[in-house]
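To find a chain, count down the sequence lines: A is the first, B the second, and so on, and within it residues start at 1.
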Amino acid sequence: MLFKKNVVIPEYYEFFNSVKIVSGYKALETIPFELSRLGAKRPIIITDKGVAQAGLIKHVVDSFAGTDTVIGAVFDETPQDSSNVVVNQIANVYRAQKCDSIIAVGGGSAIDTAKGVNIVITEDTDDLLKFMGNYRLNKPMKPFIVIPTTAGTGSEVTMVAVIANPEKNVKMVFTSELLLPEIAILDPRMTMSMPPKITAATGMDAFTHSVEAFIGTQKNPISDAFATAAMELIRNNIITAVTDGGNKDVRLAMANAALLAGLAFSNSMVGIVHATAHASGGVCHVPHGIANSILLPYGLEFYIGKSDKSPKTKEYIESLLMHVAGPEVYVQTPPAERAAKSIAVIRSITGELKKLCGLPVRLSEAGVTEDKLEIIAKTALNDGALSFSPVEVSYEEALKILKAAY
Amino acid sequence: MKAISEFKEIVPGKKWFETLVTRVFFFFIGMGMQTAYRIDPDVKKEVDSWPETFSFCMSVVGGPSMLMLKKEGSFQYLGEKEVFYADVEMCWKNITFAYLVMTGRISVPNAVYHNRQFVRGSLLYTMSIIRIMNVVQTLLLPNFIARFYIKEVPKLTFKKLVNRAITYVNIGYGAIK
């Protein structure tokens, strides 16, 4: 049992995050100072074409004006699915331009690519495959700053990178505390240009992170603090972020929520929702945020259905209501109905987002065909997230969740 | 303040009993996995899906370990070899944590949830290894004890009882050998 009755502290837990967080208006302007603090004077900026075309790199470059810090290079050709080929290309640019630090500007792909570049440069290699997996890295990395341009993945505070190896046809997963950046910078200017549907999908991604962190098997008082703060920020801001994308306060709130959710789930871990969402992404290329958003209520229903095996999880879903709906709804709902009400509230949020910007609420609306459900279920069973599920999940059960979400 | 010469290094003590229990457990698990590959079709299917010369290690940081190797159509228990590289290594952070798990005072899932154990190496095969470990533990242990080690204990069948008997015989043979 993770939490003993009437005791709020787990019998044992670990929490780790070493990232300095800088959040606020004109936060980008601290970059040159932070680099000098890390002993760096010549960073490479790694981003993608979309971010560059949206004019976001200009904000970053402008923040260096009036200082003696030189930008060694801007690499803006990171593809949507990062690969070891691109990582090696960028590493060559880094070496040729005598850079001494890395700034990632973008979503998950640019950030993961930058993490890969940091491995290649630090380990002085061109073969990332040797370092694939958990805890394969030992050397301290180059100074690394992350500026997210979406408010969802939380990659700016997670110790994971996923990079494809097209030659071997594998998705290489790297996890190490050394992959964490030194600094994450949240500046509302960087997320203002996100279109409504992406705002909704990334926001629900962060929401799923916080919900799964709150009921996760490694949950602890610190991850709970981050997860509940994230849920409340998202609950209060996601609709406005979609309808009024130019609202700086709301954008900053959502960026903070995504970061908080990242801090929570990278320590508390995730479960069946992420396992099935990863598999849906892998098999049918459903964007991760959309897959999470669709599967979240079905994953929670699955846990409630197995409450005889893990009654604590059901209790956590009941307490979830306080954070997804607010204290008024919580006290007005009889205890026996709170778990179901939590799920109903989540469905009402995704339903509203569907009306506002067309966010899919079923797998069939997200490009999944019925004949793929079986392969998605099989793939989900091999996802590492399932090892943190509070209950055992069989192939039939995974398929049932997917069919319900279809 | 004390003189410099008075500052002595402290050599860590040994935890003989905990180490012995862990070594015995590793032996049982290793022989159990080797046997399960031969008699359990689910385990065979899982192992056959791994690449040739795939190695899997269970270890305690600074303590005992055991190595399994898939090679030429077999899944071999190689005992406590010095391991420089294993494709997947499941490590306990301390011998005390391993001992608590081996003696059923912390369940294996809880050891994972608590972060008392970690995986080093490829994550692609981790779930497959966990499924094999679950089967092996149900082969080795009576259901009322197995529930301390795995999340969900499958129902006991006659086939399982026969497989359990074969596993014990193989472990006995391995111990004599």
A.B. asks: Which pairs with one or both residues in residues 91-114 of chain B pass salt bridge (Lys or Arg N to Asp or Glu O under 4.0 Å), sequence neighbours excluded?
C.D. replies: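 Every salt bridge (Lys or Arg N to Asp or Glu O under 4.0 Å) pair that includes a residue of residues 91-114 of chain B, provided the two are not neighbours, is A:Glu14-B:Lys93.
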A.B. asks: When only pairs under 4.5 Å are counted, which of B:Thr126, B:Asp87, B:Val119, B:Ile130 shares the most heavy-atom pairs with chain A?
C.D. replies: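 Heavy-atom pair counts peak at B:Val119.
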A.B. asks: Is the count of non-hydrogen atoms from other residues, nucleotides or ligands lying under 6.0 Å from B:Glu52 atom CD greater than 12?
C.D. replies: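 Atom CD in B:Glu52 is packed in, count exceeds 12.
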A.B. asks: At their closest point, which heavy atom of A:Tyr12 faces which heavy atom of B:Arg116, and how far apart are they?
C.D. replies: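 Looking at all heavy atoms of both residues, the shortest contact is CB-NH2, 3.0 Å.
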A.B. asks: Take atom OH of B:Tyr85 as the centre, draw a 6.0 Å sphere, and report whether it contains more than 12 heavy atoms from other residues, nucleotides or ligands.
C.D. replies: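 Yes.
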A.B. asks: Name, in order of residue number, those residues of residues 4-25 of chain B that have a heavy atom at a distance of less than 4.5 Å from a heavy atom in chain A; otherwise write 'none'.
C.D. replies: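 Listed by number, there are no contacting residues, so the answer is none.
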A.B. asks: Among A:Met172, A:Met132, A:Arg136, find the one that has a side chain to side chain contact (heavy atoms under 4.5 Å, CB included) with B:Ser122.
C.D. replies: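 Checked A:Met172, A:Met132, A:Arg136 against B:Ser122; only one passes side chain to side chain contact (heavy atoms under 4.5 Å, CB included): A:Met132.
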A.B. asks: Could you tell me if the side chain of B:Met127 sits less than 4.5 Å from the side chain of A:Asp383, heavy atoms only?
C.D. replies: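 When only atoms from C-beta onward are counted, B:Met127 and A:Asp383 do not touch, as no gap falls below 4.5 Å.
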A.B. asks: Name all pairs fulfilling the salt bridge (Lys or Arg N to Asp or Glu O under 4.0 Å) condition that reach into residues 123-134 of chain B, sequence neighbours left out, sorted by first residue then second.
C.D. replies: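 Found B:Glu46-B:Arg131.
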A.B. asks: Would the A:Tyr135 and B:Phe118 ring centres measure less than 6.0 Å apart?
C.D. replies: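 When the ring centroids of A:Tyr135 and B:Phe118 are compared, they turn out to be within the sub-6.0 Å range.
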A.B. asks: A quick test of your reading: do over 12 heavy atoms of other residues, nucleotides or ligands sit less than 6.0 Å from OH of B:Tyr173?
C.D. replies: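 For B:Tyr173, atom OH is not crowded (no more than 12 foreign heavy atoms under 6.0 Å).
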A.B. asks: If you define the side chain from C-beta out and look only at heavy atoms, does anything of A:Val391 sit under 4.5 Å from B:Lys151?
C.D. replies: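 A:Val391 vs B:Lys151: side chains apart.
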A.B. asks: OH/B:Tyr113 to OG/A:Ser387 distance, rounded to the nearest 0.5 angstrom?
C.D. replies: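 Answer for the OH-OG pair, B:Tyr113 versus A:Ser387, is 8.5 Å.
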A.B. asks: So which part of B:Asn134 gets closer than 4.5 Å to some heavy atom of chain A, the side chain, the backbone, both or neither?
C.D. replies: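 Only the side chain of B:Asn134 comes within 4.5 Å of chain A.
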A.B. asks: Is it true that atom OH of B:Tyr99 has more than 12 heavy atoms of other residues, nucleotides or ligands lying nearer than 6.0 Å?
C.D. replies: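 Yes, the 6.0 Å shell around OH holds more than 12 heavy atoms from other groups.
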A.B. asks: Provide the closest heavy-atom pair for A:Gln218 versus B:Asn115 in the form atom of the first, atom of the second, distance.
C.D. replies: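 In this case the closest contact between A:Gln218 and B:Asn115 is OE1-ND2, 3.3 Å.
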A.B. asks: Determine whether more than 12 heavy atoms belonging to other residues, nucleotides or ligands lie under 6.0 Å from atom NZ of A:Lys314.
C.D. replies: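 Counting other residues, nucleotides and ligands, NZ of A:Lys314 stays at 12 neighbours or fewer.
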A.B. asks: With sequence neighbours left out, what residues match A:Lys130 under salt bridge (Lys or Arg N to Asp or Glu O under 4.0 Å)?
C.D. replies: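 Salt bridge (Lys or Arg N to Asp or Glu O under 4.0 Å) check on A:Lys130 returns nothing, list empty.
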